Amino acid sequence: MPSHEQWGRSDPSRECAQRGSSFLRSATAKQKDRPREEPMRTRIRAHLFASTMLVAGVAVPAHAQTAEDARTQAPEATANEQPVIVVTGSRISNPNLDQSSPVQVVGESEITLRQATNAEELIGELPGVSPGAGAGVNNGGAGFASLNLRGVGTNRNLVLLDGTRLVPSSLLSETDLNIIPVALVERVEIVTGGASSVYGADAIAGVANFITKKDFAGAELAGTLGINERGDGARYRADVTLGANFDDGRGNAVLNVGYQKVEPVLQGDRDVSRNTYFINGEQIGSGTTFPTRINGRIYNPETDSLRDYVGSRDAFNFAPDNYFQTPLERYNLFGSARYEIADAIEVYAKGMFTKSTVQLSLAPSGMFGDTWLLPLNNPFLPNAVRTEVCASNSISAADCAAAAGATDPTDPNYREVATIINRRFVEQGPRIRNLTTNQFQVWAGVRGEITDSIDFDIYGLHGESDRKNSNINWGLKSRVQQALRAVSETECADPSNGCVPINLFGDGTDISPESIAFFNQPAGATISTRLSVVSGSISGEIGNFLAGETPIGYALGAEYRKYGASQVSDVAFGTQDEVLGTGAPSPSFSGAYDVKEVFAEVIVPLVEDVPGIHSLTFEGGLRLSDYSNTGGSTTWKAGGTWEPLRGYKIRGIFQHSVRSPNISELFTPVTTGLSNLPEDPCEGTNPVGNPELTAICIAQGAPAGVIGNIPSPSAGQINLTSGGNPDLGVETADSYTLGVVLTPPQIPRLAVTADYYHIKVTDAITLPTPNDIFGPCFEEGDAEACALIRRNPLNGSLNGGGDTPGLIAVLTNQGTIVTSGVDLRINYDVPMSFGGLNFDLTGNWTEQSKFQASPVGINRECVGQYSSNCGFFAGEITPELSFNFRTTARIDEVGDISLLWRWIDGVDYERILPTDGVHPDYLSIPSYNYLDLTFRTEIADTLGLTFSVQNLLDKNPPNVSNYVGTTALNSGNTYPTTYDVLGRRYSITATMKF
């Protein structure tokens, strides 16, 4: 994991498999500073896809109804009477056939009320959606926003656009939500019970399908402006959408051009994060500070000598330069067109391009406790410091004096001493990482009817994404080492490349601009991903000899996909220890694989309109896959619905999927990065008087002479050595959902859905958590676990450069992931004399969220808990209970007033961990309530305005220190992806339509 203080593995390493890779991601993505698209049908029956696509548009049951049914239950949904709609999770388009998988929907009304700048904001706060990478992740961010359904990992769900895949944005096959053209999104459908047999085995936790507006005609101009009450974090969005029908409606073309900009919010500008707190409540910071520390002791400019380092007094506060909201600038271009070339035959094409730039910021770079060769003749080295260095290395006074007078490295008296140096380059300014992504994708296809009862759709797509990582103000280790070998204050022993000596001694203002210019050289990498798909399917219906008039629906198809990805780094960025403060290198590598698949799906009405059975339906699906890297696999589903009485329905489905490892999990080179550990059992005086502990520490590589003085983990981070594993096999997942859909005719406009879900992933591709290694080693004396911990050869710590492996972790198929719970949605629309009221409740109860890295590891339960072990993606919080409750009043001739209440259950520090030394205030976080108020009106037929106040009561986030969790998500003493750190903020959107 990246460090609270150091960038664990730079962005590319975050691509290395998750805990599933949660551990590796959070550990390596941080840094050293923390302390099918709708088929064409001309014989269309007007209908709505679900009884609960309502004013708030938050969730729907996964079945379709006739328009007449829908009008009685979701008045607004019928306002834009659509032709046919295919509910996500099935390729069968008969609107009278019920689907067994639960589907959540964010409708057009909710999209408008949220005034989202990007797709992340549309779905990121839904109950049951866990935090992924996004604008709230700075140290460990990768320049894109990812989806983490059910909290089982961002690589175990799919993001679709109109039912088709999007090119991944990372080596872990994650899709960047920022590339979605929000202005054209009509609704988002989220299948949360798994969708692997329909879309592919990587949809273990489900899919999020962003569905764009069809047959748009006219012009729409929209602009959004948002600002925090504290005056920072401004948000801007502008979109121009143009569309036209042509040739008497046989064709349509749409073009959207969009621009978005989000300005930063610094942790130094919020009270909760202005300083850095340790788990005991003490205000601390990073041990890489200024003045310089030599072998753990700190330089005293007043006496020109070394003194003892006192963390509470001398530590460096790295928090202020970190972002709570990372800045973003993005340009989007999206176009689509269709043309009916013959009766019931249509050709179509789409294309999209996105350029986005995200900036990440950390405290200044420095020398982070690596081993350096310190020349004893360095002209800036104070005599008292030199004397102490000599003494600690058993160099006599005479030899020390002779070495001090050596003229250059050729002098017989010249000596260099291996020394651990910590020095913050405050003169250089904060470390900046610019991540610029260029992504494009094109689609082309033909669809239509073969007969009145058989449709077809054949398409191809190709997409590419390039994300360039440019690092500013980081510095190169080799050049700093070169600058240490100085023969005078102005001349280096090796003057190549314009070397200028570096002065490490003084009060933090002594490194010259010329020296900084010498060692502050650019470094970076480009991650490229490619996706090509050719897919063809037919869907239709056949007569039903089992039930009434409703036919059997079916779909058949085949698909070919090819993935490719590469990471190309410059020499510096690909070399271990070379770029200061990155935590891990990002060596160049590449990989590719392809998959051939055939699939089939059927929905069979079994019984209709008999006593006790209004309808009984069976649903089944099968997908056969042949992966070039792991061979053949089978994914399938089976389920059904039973409606005893009209409006009262029971549904359930079981799904089995087999996921093949992605490019990162297979091919990422093994490197040393970072993980999280607040306290090292071997630190300080812990081993003194304890021969058993002392023996363990020494066996792990600590010199016997440093026992009693081993430094604590720097900024709560330790080294982690890990990478991909080409010998990985597939992981399997079984999931099922069982629920009810209530749309009682006796209570018009009421819809209730409740679904129990259970997902279990076995042979999961995982890494162990830190506690999975440290617990067995230090608590049980497990020699095998202890052998996975390797210490700094000089000071015995778990920090340093490539000479300190730290934790050694290998990706395996030994993991098990289990999650289960209940999704609930209640929507009720009430006509009133003034217009109407709509009440919409979406809730989630998570029964369990378990992760076990291996059969002998801890089967860790993390529901309602937080720590550096909990959270599968990167340390996210999974509350036991959460809900969103929106109340909207429609006032005739005025507009809509809507209040959204978001509630998050209280959570506790991981209960199996010891609490000794943890401040009582950090052991729990109470339940949190947020209120967002929105007013929406139409000033004229062509002009609409929406005004919102988010976090209406200006609720402050909890303070739990900077060290109870992982660097990526426990930042600024809180969890910024779970709790609002921005404060009260305002936004206004104006939309003009012509």
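Bear in mind that the values here come from a model prediction, so they are computed numbers and not experimental data.
For the pair Pro770/Leu807, a side-chain contact is recorded, criterion being any heavy-atom separation below 4.5 Å from C-beta on. A heavy-atom distance below 4.5 Å is not found between the side chains of Ser712 and Asp680. Between Gln567 and Phe667, the closest side-chain pair of non-hydrogen atoms is not below 4.5 Å. Contact check for Gln428 versus Trp474: no side-chain heavy atoms found under the 4.5 Å cut-off. Counting heavy atoms from C-beta outward, Ser515 and Glu427 have side chains that stay 4.5 Å or more apart. When side chains are defined from C-beta on, Tyr323 does not count as touching Val358, because their heavy atoms never get closer than 4.5 Å. Between Ile395 and Leu376, some side-chain heavy-atom pair lies under the 4.5 Å cut-off. Annotation: side chain of Pro587 is in contact with side chain of Thr671 (closest heavy-atom distance under 4.5 Å).
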Exercise. Output, in order, the C-alpha distance, side-chain angles, deciding distance and verdict of side chain to side chain donor-acceptor pair (under 3.5 Å) for Thr303 and Ser305.
Key: CA-CA 5 Å; Thr303 62; Ser305 62; 2.7 Å; yes

Practice problem: Could you walk me through whether Leu476 and Val579 pass side-chain contact (heavy atoms from CB on, under 4.5 Å), step by step? | Solution: CA-CA 5 Å; Leu476 303 184; Val579 180; 4.1 Å; yes

Practice problem: Might you work through the side chain to side chain donor-acceptor pair (under 3.5 Å) test for Ser169 and Gln439, ending with a clear yes or no? | Solution: CA-CA 8 Å; Ser169 298; Gln439 176 271 344; over 6 Å; no

Exercise. Could you check Asn138 against Thr326 for side chain to side chain donor-acceptor pair (under 3.5 Å), going step by step and ending with a plain yes or no?
Key: CA-CA 6 Å; Asn138 176 58; Thr326 57; over 6 Å; no

Practice problem: Please lay out, stage by stage, how Thr582 and Phe368 fare under the test side-chain contact (heavy atoms from CB on, under 4.5 Å). | Solution: CA-CA 10 Å; Thr582 56; Phe368 289 94; over 6 Å; no

Exercise. Given salt bridge (charged side-chain N to carboxylate O under 4.0 Å, His left out), test Lys477 with Asp370 step by step and report yes or no.
Key: CA-CA 10 Å; Lys477 183 175 183 178; Asp370 289 2; 3.4 Å; yes

Quiz item: What's the verdict on side-chain contact (heavy atoms from CB on, under 4.5 Å) for Arg297 and Asp308, showing C-alpha distance, side-chain angles and the deciding distance?
Solution: CA-CA 5 Å; Arg297 305 191 73 205; Asp308 288 340; 3.3 Å; yes

Quiz prompt | Check against side chain to side chain donor-acceptor pair (under 3.5 Å), Ser528 and Asp466 | solution = CA-CA 4 Å; Ser528 300; Asp466 292 294; 2.4 Å; yes

Exercise. Under the salt bridge (charged side-chain N to carboxylate O under 4.0 Å, His left out) rule, what do Arg307 and Asp314 come out as? Steps first, then yes or no, please.
Key: CA-CA 11 Å; Arg307 61 170 172 80; Asp314 301 321; 3.0 Å; yes

Exercise. Under the side-chain contact (heavy atoms from CB on, under 4.5 Å) rule, what do Val272 and Phe324 come out as? Steps first, then yes or no, please.
Key: CA-CA 11 Å; Val272 69; Phe324 260 152; 4.1 Å; yes

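Distance check, rounded to the nearest 0.5 Å: CD of Gln481 to CG of Leu374 gives 8.5 Å. Taking CG of Asn795 as the start and CG of Asn709 as the end, the distance is 10.0 Å to the nearest 0.5 Å. Going from atom CD1 of Ile502 over to atom CD of Gln482 covers 11.5 Å, rounded to the nearest 0.5 Å.
Using modelled atom types, one side-chain atom of Asn520 and one backbone atom of Asn473 make a donor-acceptor pair closer than 3.5 Å. Using modelled atom types, no side-chain atom of Gln325 and backbone atom of Val262 make a donor-acceptor pair closer than 3.5 Å. Distance alone, capped at 3.5 Å, is enough to place a donor-acceptor pair between the Ser286 side chain and the Thr288 backbone. Proximity of a side-chain donor or acceptor of Ser569 to a complementary backbone N or O of Gly574 within less than 3.5 Å is not detected. A donor-acceptor contact shorter than 3.5 Å is absent between the side chain of Asn413 and the backbone of Ala403. Of the possible polar contacts, one joining the Ser146 side chain to the Ala133 backbone as a donor-acceptor pair under 3.5 Å is found. For the pair Arg270 (side chain) and Val981 (backbone), a donor-acceptor distance under 3.5 Å is present. When atom types are taken as modelled, the side chain of Arg330 and the backbone of Asn178 share a donor-acceptor pair closer than 3.5 angstrom. Asp321 places no side-chain N or O within donor-acceptor distance of the main-chain N or O of Arg431, the cut-off being under 3.5 Å. The main-chain N or O of Thr804 is found under 3.5 Å from a side-chain atom of Asn719 such that the two form a donor-acceptor pair.
Between Ala483 and Phe518, the shortest heavy-atom distance links the atoms CB-CE2, 4.2 Å. When every heavy atom of Pro501 is checked against every heavy atom of Phe380, the shortest pair comes out as CB-CE1, 3.9 Å. Closest approach of Phe316 and Ala363 over heavy atoms only: CE2-CB, 3.9 Å. Minimum interatomic distance between Glu683 and Pro713 (heavy atoms only, all atoms of both residues): OE1-CD, 3.3 Å. Taking all atoms of both residues into account, the shortest heavy-atom contact from Tyr277 to Ser961 is O-CB, 3.2 Å. When all heavy atoms of Ile420 and Gly369 are compared, the closest pair comes out as CG2-O, 3.4 Å.
Listed by chain and residue number, nothing satisfies the side-chain hydrogen bond (donor to acceptor under 3.5 Å, both in side chains) test with Glu263 (two or more places apart in sequence, or in another chain).
At a cut-off of 3.5 Å, with distance as the only test, no side-chain donor of Ser356 or Gln260 sits close to an acceptor on the other residue.
Taking the six-membered ring for Trp and the full ring otherwise, Phe505 and Tyr299 have centroids separated by under 6.0 Å.
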